[in-house]
2 protein chains.
Amino acid sequence: MTKNQRGNSASRRGFLRGAGAAAGLAAPGGIVLAAGNPENQPPNLPEWGRHLGPGVIEEPYGARSRHETAVRRYVPWLTPDRVSSVSFTPLAEMHGIITPSGLHFERHHGGVPDVDPVDWRLMIHGMVERPLVFTLEDLKRMPSVSRIHFLECPANGGMEWRGAQMSGVQFTHGMLACSEWTGVPLKHLLAQCGIRDGASWLLAEGGDASHLARSIPIAKALDDAIVAFGQNGEAVRPQQGYPVRLVVPGWEGNVWVKWLRRIEVGDRPWFTRWETRGYTDLMANGTARQFTFVNEVNSVITQPCPEKPLSGRPGFVEISGLAWSGAGRVTRVDVSVDGGDTWRTAALEGPALPKAVTRFRIPWEWREGQRAYLQSRAMDETGRVQPNIAELRRVRGVESIYHKNSIHTWLVEPDGGVVNVQIDA
Amino acid sequence: MTKNQRGNSASRRGFLRGAGAAAGLAAPGGIVLAAGNPENQPPNLPEWGRHLGPGVIEEPYGARSRHETAVRRYVPWLTPDRVSSVSFTPLAEMHGIITPSGLHFERHHGGVPDVDPVDWRLMIHGMVERPLVFTLEDLKRMPSVSRIHFLECPANGGMEWRGAQMSGVQFTHGMLACSEWTGVPLKHLLAQCGIRDGASWLLAEGGDASHLARSIPIAKALDDAIVAFGQNGEAVRPQQGYPVRLVVPGWEGNVWVKWLRRIEVGDRPWFTRWETRGYTDLMANGTARQFTFVNEVNSVITQPCPEKPLSGRPGFVEISGLAWSGAGRVTRVDVSVDGGDTWRTAALEGPALPKAVTRFRIPWEWREGQRAYLQSRAMDETGRVQPNIAELRRVRGVESIYHKNSIHTWLVEPDGGVVNVQIDA
């Protein structure tokens, strides 16, 4: 698409709109504030302030407000069986950078095993001087680290290679989460085993029924990989690999092996079915790229979005969203409201941590009746810049599922509705 | 206590031990790893890896492992009624710096109201040009910020002024939590109302039945106070003030008014019963300090601790804990294993954020049969150094409940048990 075409609003009418949105599927979540009950409003004393509420409840573990239950991991619509199932983080309802563990997206290949931590073991063997088996208690005694990192399925956005398909940000980008992970640097465990000369790869295998296993270069394992038992301050959740998962900062979620059971050290990749049948990037010429581990620089606007339209809300809007890069820190995010003709630089909320999501914000004034094409474009400390969809397709074609990190567009319609479109589809 | 006395192990025998520990009260939580079931251990395939687990569960919101339910906010033992109730964060089981919202301590004065967000309003009035009433939707449209800050009840540790009383870190320091808070800077709301000349204080009032109300200097409100609707990525929890609470970074939890309903602007403090009857520092001479808002520099070792003893675990131990300061960033934490005779500087886990907890870690070798007195001493960017209990008592006496930030001591006994003691009691 040329600059002139961009300015042509007639041509925009042909842009593919999100099929879900067009079909009128309801966006999940979102509190709608009606006028409310005047009895509860100033200067009246609200009903809830006229009597004592429950004391410290006998629950050992707190719960959300009953008014918030509409905010949910989307119940599976894709492969709802136990072999292969998925849920999505409701990004439109998220604040800040931490994803509540209860709303973290999920992707399983053999269902969620119920692992007894007393029986859990991690075996490290192969090209090592001393094969060792570790208990959870062993890990908890060792030097540990806590790091805030994003976790993203490489298939995030994968339905959108051929056009805008999904009805909201929960589905276009919701296989993304960001947590504080705590555990033992993998390098400490490998040091105890003693890596033999010539070793260059390792295999990480999960203990669930799928026995998901991925080959990872030793260099990454020695750099920043963590054998994690903590997530957002407490034990890793069952859906996230309880009691122990591998954390591979910045790399595709599939290599963050859950219910970690075994690490084998070797001198070449294993070419498991997880790196041959899938999790490869199919190119236009029929070949496939393997071992494309890094989730490159990416961003999305989460406010407004299809789930958070502007209908009936002209005037000031804070555009807000998330940016992330598997290569390091996000250093800048630009935002356009005219489909990329002009850009303004957004404010980044600190701390902008490496391989973590970073929230950006920028003020905007929306006039009722105004059509707008909202985009965000992130840059990282390595100099990588998020490509637009045309640039990405030129390199990758449209046959891929994985690693789609192009600039995303939300169309704000004159009535304030927000739909998923692609410019230059 | 003099240096010589410190070296006298006989004198230590008289130190007051934690009453709970001495009475053999079980510490809550903590997974005990038995030998386990060899059927589930390498090279065998564990039972949970031999069949498919449940798929993406139909729950809209995820839960903990059933093996973790021993980790709990302690069920109330202090004033268990609805007027005044409390629960404690299980610090011994926490990782990193984020407190899971489900394990956040609670302190209520009128129970937990069930606030309908549709009806919720915030009224700002008093010495302003334009009294205004805000809805939740209004707030969510305004420029917001997300900040990681600790929240600490000023009574945290308050049972320990006269000696070591509590049986574990959940009770000595568990009225502490750290969350990512999201909301609108209070200064934006005040700017919309227009503060009149001469205004210097404001009153923040809760909408619950206790109508807790605190006077806060305008200078603090304009500095970094946040009218928060987000906690750890989702809506503020009911027990934390749903839908909106005041966040007053670094200041005592009592002024972080929950279920925020009303802000009145004035030119002097209100001297509410919350700042006369309590939340004042009673001094040895019978006078009381008022408006001692800042929770000064503090720290505690959370591993090992009474709930996480070293029994049967000689050898390497990573001493780990939390440090925090209401005045800014923690810049240094020193750790002693000999009751303050010698100190080593611990590593601080980054990012060390202002007015947030910072995790520290330092390696140690514990010999079976070794008696050790573990202490941590934090410093912050203002130069404040955590005092020892004798120094604090010299200034404050022993009549107070609030703002006890002295160096804490855990005695590791020869058998590896850990108990709460005070040196120089």
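Heavy atoms only: backbone and side chains are in, while hydrogens, waters and symmetry mates are out. To find a chain, count down the sequence lines: A is the first, B the second, and so on, and within it residues start at 1.
When all heavy atoms of Phe316(A) and Arg141(B) are compared, the pair lying nearest together is O-NH2, 2.9 Å. Across all non-hydrogen atoms, the minimal contact from Pro42(A) to Met123(B) is CB-SD, 3.6 Å. Nearest heavy-atom pair, Asp119(A) versus Gln41(B), reported as atom, atom and distance to 0.1 Å: O-CG, 3.7 Å. Across Trp48(A) and Trp120(B), no two heavy atoms sit closer than the pair CH2-N, 4.1 Å. Arg72(B) and Pro60(A) make their closest contact through CB-CB, 3.3 Å (heavy atoms, listed as atom of the first residue, atom of the second, distance).
Side-chain contact annotation: His95(B) with Asn232(A), donor-acceptor N/O pair under 3.5 Å absent. Donor-acceptor pairing under 3.5 Å is lacking for the side chains of Arg359(A) and Ser144(B). For Ser65(A) and Arg237(B), the side-chain atoms include no donor-acceptor pair closer than 3.5 Å.
In this structure, CG on Asn40(B) lies 7.5 Å from CG on Asp116(A), to the nearest 0.5 angstrom. Distance check: Glu318(B) CD to Lys140(A) NZ gives 13.5 Å after rounding to the nearest 0.5 Å. A distance of 5.5 Å separates OH in Tyr61(B) from CZ in Arg64(A), rounded to the nearest 0.5 Å. In this structure, CD in Gln231(B) is found 12.0 Å from CD1 in Ile98(A), a value given to the nearest 0.5 Å. Atom NE2 of His109(A) and atom CG of Leu52(B) lie 12.5 Å apart (nearest 0.5 Å).
Checking side-chain atoms of Ser85(B) against main-chain N and O of Gly55(A) turns up no donor-acceptor pair under 3.5 Å.
Interface residue Glu180(B): only side-chain heavy atoms are found under 4.5 Å from chain A. For chain B, the nearby parts of Pro143(A) are the backbone and the side chain; heavy atoms of each come within less than 4.5 Å. Only the side chain of Val133(B) comes within contact range of chain A, judged by heavy atoms closer than 4.5 Å. Of the two parts of Glu234(A), the backbone and the side chain both hold a non-hydrogen atom closer than 4.5 Å to a non-hydrogen atom of chain B. Both the backbone and the side chain of Ser146(B) come within contact range of chain A, each with at least one heavy atom under 4.5 Å from a heavy atom of that chain. Of the two parts of Asp114(A), the backbone and the side chain both hold a non-hydrogen atom closer than 4.5 Å to a non-hydrogen atom of chain B. With a 4.5 angstrom heavy-atom cutoff, Pro43(A) touches chain B only via backbone atoms. Of the two parts of Ile362(A), neither the backbone nor the side chain holds a non-hydrogen atom closer than 4.5 Å to a non-hydrogen atom of chain B. For Pro54(B), the parts lying near chain A are the backbone and the side chain together; criterion is any non-hydrogen pair under 4.5 Å. For chain B, the nearby part of Leu353(A) is the side chain; its heavy atoms alone come within less than 4.5 Å. For a residue to count as touching a neighbouring chain, one of its non-hydrogen atoms must lie under 4.5 Å from one of that chain's; by this rule Arg66(A) touches chain B with the side chain only. In this structure, the portion of His51(A) lying under 4.5 Å from any heavy atom of chain B is its backbone and not its side chain.
The residue among Gly183(A), Gly62(A), Gly233(A), Gly230(A) with the most heavy atom pairs within less than 4.5 Å of chain B is Gly233(A). Contacts with chain A were tallied for Asp208(B), Val236(B), Leu122(B), Val112(B); Val112(B) has the most, counting heavy-atom pairs under 4.5 Å. Counting heavy-atom pairs closer than 4.5 Å to chain A, the top residue among Leu103(B), Val115(B), Val317(B) is Val115(B). The choice from Ala235(B), Gly110(B), Gly206(B) that makes the most heavy-atom pairs within less than 4.5 Å of chain A is Gly110(B). For the set Arg262(B), Met142(B), Arg50(B), the entry with the most heavy-atom pairs within less than 4.5 Å of chain A is Met142(B). Taking Thr69(A), Thr99(A), Ile148(A), Val145(A) one by one and counting their heavy-atom pairs under 4.5 Å with chain B, the maximum is reached by Val145(A). Of the residues considered (Pro100(B), Ser179(B), Pro238(B)), Pro100(B) shows the highest number of contacts with chain A, using heavy-atom pairs under 4.5 Å. Taking His211(B), Arg313(B), Glu106(B), His125(B) one by one and counting their heavy-atom pairs under 4.5 Å with chain A, the maximum is reached by Arg313(B).
Side-chain contact between Leu45(B) and Arg261(A) is present, with heavy atoms from C-beta onward closer than 4.5 Å. Here the side chains of Arg147(B) and Glu349(A) are in contact, with some heavy-atom distance below 4.5 Å. Residues Tyr242(A) and His67(B) are in side-chain contact: their nearest non-hydrogen atoms beyond the backbone lie under 4.5 Å apart.
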